[in-house]
**Q** 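What follows is a single structure, and I will ask about it in a moment.
Since this is a predicted model, take the numbers as computed values, not measurements. Just so it is clear: chains get the letters A, B, ... in the order the sequence lines come, proteins before strands, and each one is counted from 1.
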There are 2 protein chains.
Amino acid sequence: MALLEKVQSEISNLSKSERKVAEAILANPEAVLQQSIATLAQLAEVSEPTVNRFCRTLGAKGYPDFKLQLAQSIARGTPYVNRHVEQNDSTEHLVAKIIESTMASLSITQRCLDIQAMEAAITAFVQAQRISFFGLGASASVAHDAQNKFLRFSTPVQFSDDVLMQKTAAINATANEVLVFISHTGRTKALCEVAALARQSQATVIGITAAGSPLAEECAIVLATHVPEDTDVYMPMASRIAQLVLIDVLVTGYTLKQGPELQEKLRQIKEALRDSRYEKRT
Amino acid sequence: MALLEKVQSEISNLSKSERKVAEAILANPEAVLQQSIATLAQLAEVSEPTVNRFCRTLGAKGYPDFKLQLAQSIARGTPYVNRHVEQNDSTEHLVAKIIESTMASLSITQRCLDIQAMEAAITAFVQAQRISFFGLGASASVAHDAQNKFLRFSTPVQFSDDVLMQKTAAINATANEVLVFISHTGRTKALCEVAALARQSQATVIGITAAGSPLAEECAIVLATHVPEDTDVYMPMASRIAQLVLIDVLVTGYTLKQGPELQEKLRQIKEALRDSRYEKRT
DNA sequence: TGTTATTTTGTAATTAAATTACATTTTATT
DNA sequence: AATAAAATGTAATTTAATTACAAAATAACA
């Protein structure tokens with residue numbers, strides 16, 4: 001548990017003087033970081049050793065250690081819990097809420113990611129003779145992005161946001177192909193139908209979608225994104241970032257598996273692109 | 001800026017001994033919290049006052065204050081800051097490094113974002129009769145994503161990843177239009193040229209790009225993304241996420257400014273889309 | 001209710017840590 | 001090569017934190 005909450009909850013178990021210390025800290029936690037044990041003792045109207053004992057009671061090694069833990073507890077702040085945007089939020093708050101809920105989404109993705117599935121996906125990519133990315137609506141641009149990334153390699157890639165094209169591609173897929181389906185909810189009927197067709201082919205079907213969704217059921221390998229329950233009008237964006245990052249991991253894993261000769265090739269591509277850029281002035 | 005990142009970025013400006021201190025800290029930031037100035041000095045093979053001077057150089061009041069700031073910086077959680085992916089990283093490490101550097105990038109974006117510029121951009125969007133997004137290469141999919149998001153509103157939106165089309169659109173832009181240019185480096189010649197044309201029109205030119213870049217020079221409003229200096233082969237992705245999130249903020253700000261009647265409309269769109277989805281079983 | 005044991009709190013002494021002042025070394029400049 | 005400037009280290013000083021112990025307060029029990 002974070003220290004600040006611990007101070008809060010333990011307050012009833014403390015002795016009279018130590019409670020004074022707790023109250024003084026809770027009154028202005030940030031300020032404590034700048035205070036010496038003497039200052040805090042004075043503020044709480046107790047002696048210095050009392051403060052010290054208080055720190056030990058709460059599991060710290062001493063006062064400086066307590067301050068260190070407090071600093072971390074404060075920095076974590078109200079961790080990026082899904083705070084919702086409100087009508088009269090200032091721009092500053094808006095930025096904070098969106099960025100922090102995006103970070104929260106990434107953090108959840110990291111914790112919940114099935115590493116084995118990711119490894120399986122990378123292996124499938126490495127062996128693939130062709131890679132296809134499918135998405136509809138908002139997920140289309142994620143698929144587009146994925147295609148862009150794989151365009152740098154020699155394995156053929158395709159991308160489509162057109163259902164008919166997707167179906168054609170799914171039906172014609174062969175055993176050494178990889179088809180990747182991207183969907184936020186995993187409940188878009190059209191995409192599920194395409195995935196069902198793909199499943200009947202010999203191709204490896206990978207889903208970047210919500211765990212346990214109809215789409216996920218159709219996939220041999222599922223890279224699960226974790227959608228916060230309440231899909232607010234303003235907040236469906238965070239999960240798309242998670243999808244993109246999963247693709248980043250795929251590309252990077254793929255690149256590493258290819259070994260150094262490919263990396264040399266990438267360096268060459270980079271070199272070639274340099275000409276289309278303005279030099280950086282030094 | 002958070003302390004740990006600052007240590008990282010200032011390392012080249014430090015003297016020899018102070019750099020040793022920085023390296024010792026970067027080698028194991030968490031451990032420093034438990035170390036006295038004497039221990040750290042020994043580890044870094046310098047004298048105690050050198051460590052102290054190092055702390056002051058980085059803006060702390062002294063060593064204890066430095067530790068406090070470091071504790072907060074670590075709690076904010078960017079353990080793998082800018083650490084590079086390596087050939088024999090396990091998949092788990094790969095995921096951690098990519099996700100965490102993405103989060104670091106978001107965190108930097110948040111701290112360094114020019115709120116005024118963001119507000120100006122939102123205002124421009126609200127007043128615009130037409131909105132256009134331009135990007136090339138990898139930034140094209142970001143522009144594409146931006147278009148998708150604004151398609152939900154009644155203001156006409158366009159997007160192009162074709163230079164000729166972009167030029168045409170730039171030349172024909174009128175005073176009540178907003179043109180948004182997206183570029184990771186801000187040094188892509190072709191896009192800078194389009195932006196230069198746009199500037200000559202009466203339209204509002206907004207850039208989502210690196211601060212101080214040639215592209216930024218052409219823009220009336222710049223939403224700066226902060227690119228880590230060393231654009232590693234595997235790591236150009238993090239900044240694109242930052243671009244996407246900035247667009248998320250724009251969309252959200254725009255929506256809020258439009259007031260409740262628009263939000264009702266959004267609800268209706270959502271309702272309509274529901275039919276294309278499988279119901280969630282409960 | 002008084003006596004004793006236990007806990008809590010404070011005072012003063014001690015120890016540890018951080019900082020300052022100053023000397024020495026290193027590096028750059030002419 | 002000589003001198004100035006900067007960087008670093010040594011030793012002294014100051015500050016802060018901790019410990020040991022004594023006094024007060026509370027609780028337990030006769």
**Q** Rounded off to whole Å, could you give me the NZ-to-P distance for the Lys16(A) and dG10(C) pair?
**A**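 Taking atom P of dG10(C) as the reference, NZ of Lys16(A) is at 10 Å.
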**Q** Can any side-chain N or O of Lys149(A) pair as donor or acceptor with the backbone N or O of Ala138(B) at less than 3.5 Å?
**A**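 Side chain of Lys149(A) to backbone of Ala138(B): no pair is present.
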**Q** Minimum heavy-atom separation for Glu48(B) to Ala38(B), with atom names?
**A**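 Looking at all heavy atoms of both residues, the closest pair is OE2-CB, 3.5 Å.
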**Q** May I have the distance from Glu48(A) (atom CD) to dT15(D) (atom C1'), rounded to whole angstrom?
**A**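 Atom CD in Glu48(A) sits about 11 Å away from atom C1' in dT15(D).
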**Q** Mind calculating the distance between CD (Gln42(B)) and C1' (dA17(C)) to the nearest angstrom?
**A**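 The distance from CD of Gln42(B) to C1' of dA17(C) comes to 15 Å, rounded to the nearest Å.
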**Q** Looking for any heavy atom pair under 4.0 Å, which part of the strands does Arg19(B) touch: base, sugar-phosphate only, or nothing?
**A**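 If one applies the 4.0 Å heavy-atom cut-off, Arg19(B) turns out to touch nothing in the nucleic acid.
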**Q** Can you tell me how far C1' of dT19(D) sits from CZ of Arg53(A), to the nearest Å?
**A**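 Whole-Å distance recorded here is 10 Å.
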**Q** Determine: side-chain N/O of Arg56(A) to OP1/OP2 of dT19(D), distance under 4.0 Å, yes or no.
**A**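 For Arg56(A), the contact criterion (side-chain N or O under 4.0 Å from OP1 or OP2 of dT19(D)) is met.
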**Q** Within the structure, does a side-chain N or O atom of Ser36(B) lie under 4.0 Å from either OP1 or OP2 of dA16(C)?
**A**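 False: Ser36(B) side-chain N/O out of range (4.0 Å or more) of dA16(C) OP1/OP2.
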**Q** Would you kindly say whether Ser36(B) and Thr39(B) are connected by a side-chain donor-acceptor distance under 3.5 Å?
**A**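 Distance-only check passes for Ser36(B) and Thr39(B).
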**Q** For the pair Arg56(A) (side chain) and Lys61(A) (backbone), establish whether a donor and an acceptor sit closer than 3.5 Å, ignoring hydrogens and angles.
**A**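 Side chain of Arg56(A) to backbone of Lys61(A), a donor-acceptor pair under 3.5 Å: yes, one is there.
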**Q** OP1 or OP2 of dT19(C) versus the side-chain N and O atoms of Lys61(B): is any pair under 4.0 Å?
**A**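 So the side-chain polar atoms of Lys61(B) never come under 4.0 Å of the phosphate oxygens OP1 or OP2 of dT19(C).
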**Q** Between Ser47(B) and dT8(D), is there a contact of a side-chain N or O with OP1 or OP2 at under 4.0 Å?
**A**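 No, because none of the side-chain N or O atoms of Ser47(B) sits under 4.0 Å from OP1 or OP2 of dT8(D).
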**Q** Which whole-number value in Å describes the distance from Tyr63(A) OH to dA17(C) C1'?
**A**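 Interatomic distance, OH of Tyr63(A) to C1' of dA17(C): 15 Å.
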**Q** Quick check for you: among dT19(C), dG10(C), dT8(D), whose closest atom lies nearest to any side-chain atom of Ile37(B)?
**A**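 Of all the options, the side chain of Ile37(B) is nearest to dT19(C).
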**Q** Just how far, in rounded Å, is P of dA16(D) from CG of Asp65(B)?
**A**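 Between P of dA16(D) and CG of Asp65(B): 13 Å.
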**Q** Of the candidate nucleotides dG10(C), dG9(D), dA18(C), which contains the atom at the shortest distance from the side chain of Val46(A)?
**A**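 Per side-chain heavy atoms of Val46(A), the pick is dG10(C).
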**Q** Output the rounded distance in Å from CD (Gln34(A)) to C1' (dA16(D)).
**A**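 Checked: the CD to C1' distance equals 15 Å.
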**Q** If you count every heavy atom of other residues, nucleotides or ligands that lies below 6.0 Å from Glu23(B) atom CD, does the total exceed 12?
**A**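 Atom CD in Glu23(B) is packed in, count exceeds 12.
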**Q** Looking at dA17(D), dA20(D), dT9(C), which one has an atom nearest to any side-chain atom of Pro49(A)?
**A**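 Of all the options, the side chain of Pro49(A) is nearest to dA20(D).
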**Q** Given atom CD of Glu45(A) and atom C1' of dG10(C), what is their separation to the nearest angstrom?
**A**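 It works out to 15 Å between those atoms.
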